[in-house]
K.L.:
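Dropping the structure in here first, questions after.
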Amino acid sequence: MFPRVSFSNAVSDIKTLLSDADPATADLDDATRAWLVDTRQAITAQRRGPGRRRARAQVTRPSRRRRFAGPTLIGVATVAVAAAVALVLLPGSQAGHGGGQGGVKLAAWSVIKERHGLVKVTIRELRDPAGLQKTLRAAGVPANVRFVHHFFQPPNSVHLPKGCLAPQMSDKAIATLMAKIEPSNISVPSADAVILRSSAIPHGLGMYLKAWAPKPGTQSAASLSMETDLVQATPQCTG
Amino acid sequence: VGARDSEDGFCEVFDRYAPAILRYAQRRLDSREAAQDVVSETFTAAWRHWDRRPATEVLLPWLYAIAGNAVRDQWRSAQRQRRLTGRLSALRPAASGGDPGEGVVLGRSISQALAALPEADREVLRLVAWEGQTDARMLGLALGLRPASARSRVLRARRRLRALLDEADNPGRGPAAQVPAASSRGHGTEA
């Protein structure tokens with residue numbers, strides 16, 4: 001058993017033990033410095049605010065679970081969202097705050113049925129998941145919706161929620177099906193949205209849609225993220 | 001604050017901290033492209049939230065916290081890729097714990113000891129030793145923990161690391177401290 005040490009002694013000991021093992025001590029080369037300049041310019045060329053596109057290109061990943069949203073500011077709604085091709089708007093819960101500065105008050109989430117059987121889901125605040133689940137069902141998307149407050153995505157989040165079962169399919173088949181449900185060739189208009197092709201969801205299956213963000217009022221790394229997965233559409237899971 | 005001032009301030013912070021965030025990512029990922037993605041995602045998020053950024057003195061741990069999320073995204077993406085392609089078992093039969101961070105090359109004994117620790121312990125050790133986050137408050141911000149919890153985690157991680165190194169130096173004596181199997185649990189949610 002080791003004797004107890006003070007915090008400062010523990011810190012010193014850790015630094016001593018690991019100092020020679022640092023795998024990233026080399027100076028940045030010219031190519032990396034140039035890349036950083038390009039990246040900075042690409043980022044600042046974007047307008048600030050929630051729901052903006054990522055600076056880097058979206059890379060399609062052959063993943064069963066896709067996380068498509070970058071961090072999105074919670075509770076400040078100053079952006080008017082244009083839905084030029086929207087045919088039917090199914091508004092969700094109204095956001096609790098308007099963000100001040102004369103900002104536009106947006107719904108906490110919205111479900112928009114678009115052309116070609118597409119359904120766009122936008123989440124701005126983690127409010128009324130049951131309402132979103134019900135609205136998605138009305139739009140032809142059986143779903144289990146979970147909103148959780150986490151500073152980080154919990155490491156065990158890959159587990160499906162209680163009451164939900166994974167489809168009896170291989171990972172490869174699920175990835176193929178997910179690519180049809182979330183077509184990669186359709187541009188998602190903002191980082192806090194996902195577009196689903198409801199007609200591609202086979203009978204008996206549904207979507208698991210999870211969104212998480214830090215607790216309201218916490219300052220560090222305020223972000224809202226989403227992930228989706230497939231589940232068996234059962235009364236216990238998708239209602 | 002005008003848009004021009006905001007952009008100038010952001011650019012200043014980017015120039016000051018982007019190399020640190022890149023190294024942070026390189027220490028946790030074995031792909032140059034993935035590390036660059038982390039930098040891009042971290043500062044894109046910071047730019048979006050620039051009006052709500054924390055005080056200057058805690059900007060770096062704030063950026064580490066955002067970068068931590070991006071790194072974990074990269075890990076998950078890599079794990080999914082391996083699972084889908086089925087290559088993992090063929091190419092890395094001795095892999096343990098499934099932590100992509102193990103791909104980073106370190107000194108042999110330290111590497112083995114770190115690999116045997118839970119990810120939560122590894123992360124706090126990296127932050128202290130390599131990112132120089134030696135203040136409990138800053139560590140807490142980077143980890144999403146209260147300062148007291150961050151302090152406890154440092155002490156625990158150090159104790160476990162010492163125990164593993166001692167065991168490696170004196171095989172057969174048995175572990176000096178109980179070290180649970182590496183687990184994916186333990187990322188801070190105690191904010």
Side-chain angles (χ1 to χ4, degrees), chain A residues 1-2 4-5 7-8 10-11 13-15 17-25 28 32 35-36 39-40 42-44 46 48-50 52 54-56 59 61-65 67 70-73 76 150-156 158 171-172 175 191 214-215 218-223 225, chain B residues 7 10-11 14-15 18-19 22-23 26-27 36-37 39-41 43-45 47-52 54 62 65-66 68-69 72-73 77 80-81 83-84 104-107 110-111 125 128-130 134 136 141 144 151 154-155 158-159 161-163 165 176-177 184-189 191:
Chain A
M1 189 64 67
F2 294 99
R4 289 184 177 277
V5 299
F7 177 74
S8 60
V11 164
D13 194 32
I14 290 168
K15 294 181 78 168
L17 286 171
L18 297 184
S19 60
D20 291 337
D22 188 347
T25 56
L28 302 184
T32 303
W35 175 83
L36 284 173
T39 300
R40 187 189 69 195
I43 291 171
T44 54
Q46 299 178 105
R48 280 182 292 129
R52 300 296 180 189
R54 289 172 175 227
R56 68 181 180 86
V59 179
R61 297 169 178 164
S63 164
R64 172 174 174 176
R65 296 162 203 275
R67 180 183 176 188
T72 299
L73 193 60
V76 176
H150 288 290
F151 182 66
F152 297 128
Q153 181 183 22
N156 61 349
V158 293
D171 277 350
K172 184 177 179 181
K215 292 175 184 174
T218 57
Q219 190 177 42
S220 49
S223 62
S225 300
Chain B
E7 184 170 337
F10 176 83
C11 290
F14 185 98
D15 291 345
L22 180 61
R23 290 192 177 94
Q26 287 172 335
R27 288 166 181 139
Q36 291 183 336
D37 278 354
V39 174
S40 179
E41 291 198 14
F43 282 96
T44 298
W47 176 240
R48 286 195 194 116
H49 306 154
W50 197 239
D51 290 342
R52 294 182 61 183
W62 180 66
I66 302 173
N69 281 331
R72 280 180 281 279
D73 260 2
S77 177
R80 292 169 198 147
Q81 183 71 27
R83 193 172 65 222
L84 284 171
V104 177
V105 177
L106 303 173
I110 288 289
S111 172
L125 291 170
V128 168
W130 299 337
T134 57
L141 287 168
R151 178 185 291 266
V154 168
L155 294 171
R158 180 259 176 196
R159 189 170 63 246
L161 178 65
R162 273 287 176 194
L165 292 173
S184 61
R185 292 194 65 85
H187 297 308
T189 56

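The figures here come from the full heavy-atom set of this structure, side chains too, leaving out hydrogens, waters and symmetry mates. So that the names make sense, note that chain A is the first sequence line, chain B the second, and so on, each numbered from 1. All values reported here derive from a predicted model rather than from experimental measurement.
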K.L.:
Identify the heavy atoms of B:Arg151 and A:Phe7 that sit nearest to each other, and give their distance.
P.N.:
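That would be NH1-CB, 3.2 Å.
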K.L.:
If you compare all heavy atoms of A:Leu17 against all heavy atoms of B:Ile110, which two are closest, and at what distance to 0.1 Å?
P.N.:
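Of all heavy-atom pairs spanning A:Leu17 and B:Ile110, the closest is O-CD1, 3.5 Å.
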K.L.:
Of all heavy-atom pairs between A:Asp13 and B:Arg158, which one has the smallest distance, and what is that distance?
P.N.:
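Smallest interatomic distance, heavy atoms only, reads OD2-NE, 2.8 Å.
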K.L.:
I'd like to check the salt bridge (Lys or Arg N to Asp or Glu O under 4.0 Å) partners of A:Arg40; sequence neighbours left out, ordered by chain and number.
P.N.:
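Result, salt bridge (Lys or Arg N to Asp or Glu O under 4.0 Å) vs A:Arg40: B:Asp15.
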K.L.:
Against B:Phe43, only a single residue in A:Thr44, A:Leu36, A:Thr39, A:Ile43 fulfils side-chain contact (heavy atoms from CB on, under 4.5 Å); can you say which?
P.N.:
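Only match with B:Phe43 under side-chain contact (heavy atoms from CB on, under 4.5 Å): A:Ile43.
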K.L.:
Applying side chain to side chain contact (heavy atoms under 4.5 Å, CB included) to A:Asp22 and B:Arg23, what does each step give before you reach the verdict?
P.N.:
CA-CA 10 Å; A:Asp22 188 347; B:Arg23 290 192 177 94; over 6 Å; no
K.L.:
Evaluate the side chain to side chain contact (heavy atoms under 4.5 Å, CB included) criterion for residues A:Thr25 and B:Trp130: first the C-alpha distance (whole Å), next the side-chain angles of each, then the deciding distance (0.1 Å), finally the verdict.
P.N.:
CA-CA 9 Å; A:Thr25 56; B:Trp130 299 337; over 6 Å; no
